[in-house]
Amino acid sequence: MTTIRPRTIGSPLARLDGPAKVTGTAHYAFEHPVQHPVYLHPVQATIAHGRVTGMDTAEAEQLDGVLAVLTVFDAPKLADTSDGELSILQDDRVHFRGQLIGGVIAESLEIARHAADSVRVEYDERPFHTELRADDRGLYAPENILESKPADTEEGDIDAAFVNAAVTVDQTYTTPLEHNNPMEPHASIACWDESSGRPRVTLYDSTQGVHVVRSTLAPIFGLEPDQMRVIAPHVGGGFGAKGAPKAHNVLAILAAQRSGGRPVKLALTRQHMFALVGYRTPTIQRVRLAADPAGALTALSHEVIEQTSAVKEFAEQTALASRMMYATPNRRTTHRLAALDVPVPFWMRAPGLCPGMFATEVAMDELAEACGLDPIELRLRNEPSTDPETGNPWSGRRLADCLCLGADRFGWAGRDPASRRRSDGRWLLGTGVAAATYPASANPGNAARIAYRADGRYTVQIGAADIGTGTWTALTQIAADALACDIDAIELQIGDTDLPVATVAGGSSGISSWGSAIAAAAAAFRQQHGENPSDGAEVTTEAPENADAEKFALHSFGAQFAEVAVDRDTGEIRVPRMLGVFSIGRAINARTLRSQLIGGMTMGLSMALHEESVRDPRFGHVVTQDLASYHISAHADVRDLDAIWLDEADEHANPMGARGAGEIGIVGAAAAIANAVAHATGIRVRDLPITADDLL
Ligand code: MOS
């Protein structure tokens, strides 16, 4: 493949969009200036399952400033209702509590919200189930996980291996329901323009991918792609929840058909975030490990139970890492789903691998203890020489280097493996380690346009997303190096479906996918127009498929280290120190990369000790629906936290030599903390989050 010679790639360039953001001139979705807008507030179902039998909108409609009230009985019709999550207000069925069943359009946000509250709804309520249980009678194997992977895998003879094993671990681990909470809740402005006879929709949206929003929503409204434009130059965080359009987008566009041509503004509240935009499924994971006396795995079994929604299937890939992480002749992975009367789960921060590796990396710590081995040594003894899942060679598996460099930097040598040995006053001290992996993928179908202007500058266009991660800066660096020019000579444009097609900022695939398109366009531009292009010279090119992706196993790796202090009387847990060492190919921008990695580790800390959504099984809604009751790590929780990475380039990944780094930071972090807690206290906690009452 074409490779880019790095000049500015790797440097810690400060965010190019930073000044616009801190001076308030960067427009987020809700802030785009539009003419004469109206405001939309949703009406949500207050039952978990049943039918809407009546909606009395009289009081709402009489309020001054109310323009229209949409209900399940009179909303505009959608052209395609095959997606159960998105086809709202098309019939009277309620599939989960909080589902959108109406909306009020008004002259102000406050009037819309007040009016929405005054809509009286009657229901025919049916029995419902919202609790994930290991003994759920309806558990089933999905056809696929992650769209194309089998739900189950089996190699060798698992049962015989356990019968004959010298050492075994057989434990069940659970992770709770968790909700994505980016700083900017989802927001949209929808404009429906019929003035030319043929409808045209403009949607300003807070999304991880403008093109996926259009390709999903346009057919639902019976529109051709050219009839819909989605715009999202700046996005205040996503974490997966903005990786696809959600029902509120549909509500905004339905409302825009009833607003007399005025733009409709919809900002979800923090409470809405707990019902409408996806979440991480809770998991129940049985992990069984068998090993010989030297700690070599003879069997690994990872059986996952998780939930989906009765209205639409989402099957998370929780056991994926268990298929490739360690060498073993006998291996089983399974996924079983319970379809509950709950909202549809979706991506959240390293979906699948993050909760999955919490279970397996704690189990590995338990195996190390059972074998009397150092947990780093145990992992080194189970390194596979090729990818166990595909048989392909690794593009660069340097987990051992991450573990060893981390051990050195963290001060692992001489650690007493026995628990409850170190203390500082009333604080029991312990350290823990965990390994991490995340697939390095680039999505096909990305394109970029490069145009040259007489003033010596290049315009580089691609419909990519910057969800706060640094895309503006990293892609500008890639473009500058691909065109062998200065950063200042690049004007990057992203976040608009009028620009060449780009895939989503998700699955840690963004920079790989978009950067490959920019590299391809730059190579084509230089071939066609040479070193001294003329004014207006322009090229649009699609990134070629990466042939190496079929021949090599492409994964990022990491080693997570944590130190904890546990108050021996109160059980309070503090995390004085965390270190992550990562193998992610070449760093594009050292500053934004470090920010991504320590951000991920902070989320891992948050997962380990704080985050848990509580759904009330009597009513079916999440009661912890604000940031006062849904705890997320704050500054006081984060002390000495650092991330470093190996100096390397992955020549098989993409022209930049970079593997995705957006999600690996969170993977394994919670396990490292759980392992450190076990080391400090002698108490093995297998259910997240770990709280004081677990340790008393
Ligand atoms: Mo990421 S959770 O795949 O957007």
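We count ligands from 1, going down the list as the structure has it; atoms in each ligand are counted the same way. Just so it is clear, the model here is predicted, and its values are computed rather than measured. Numbering starts at 1 and runs along the sequence shown.
- Using a 4.0 Å cut-off to heavy atoms of Trp347, the atoms of ligand 1 that qualify are 2 (S).
- Only one option out of Glu611, Glu178, Glu612, Glu306 pairs with Arg280 in a salt bridge (charged side-chain N to carboxylate O under 4.0 Å, His left out); it is Glu178.
- Ring geometry for His186 versus His248: interplanar angle over 60°, hence perpendicular rather than tilted (30 to 60°).
- In summary, the atoms of ligand 1 found under 4.0 Å from a heavy atom of Arg349, numbered by their order in the structure, are 2 (S).
- Residue contact check for ligand 1: Gly243 places no non-hydrogen atom closer than 4.0 Å to it.
- Judged by the 6.0 Å and 45° rule, Lys242 forms no cation-pi pair with Phe346.
- The shortest N or O to N or O distance between Tyr438 and ligand 1 is not under 3.5 Å.
- An N or O contact shorter than 3.5 Å is missing between Met348 and ligand 1 by distance.
- Looking at Phe239 next to ligand 1, no N or O pair under 3.5 Å apart turns up.
- Of all protein heavy atoms, the one lying nearest to atom 3 (O) of ligand 1 is Gly507 N, 2.7 Å.
- In this structure, Pro351 is part of the shell of residues with a heavy atom less than 4.0 angstrom from ligand 1.
- A salt bridge does not link Arg97 with Asp341: none of the charged nitrogens is closer than 4.0 Å to a carboxylate oxygen.
- In this structure, a donor-acceptor pair under 3.5 Å is absent between the side chains of Thr437 and Arg397.
- Listed for the Gln493 side chain is no donor-acceptor partner under 3.5 Å among the backbone atoms of Pro233.
- A salt bridge links Glu389 and Lys149; the closest N-O separation between the charged side-chain nitrogens and carboxylate oxygens is under 4.0 Å.
- Of the protein's non-hydrogen atoms, Gln208 NE2, 2.9 Å is the one closest to atom 4 (O) of ligand 1.
- The protein heavy atom nearest to atom 1 (Mo) of ligand 1 is Glu663 OE2, 2.7 Å.
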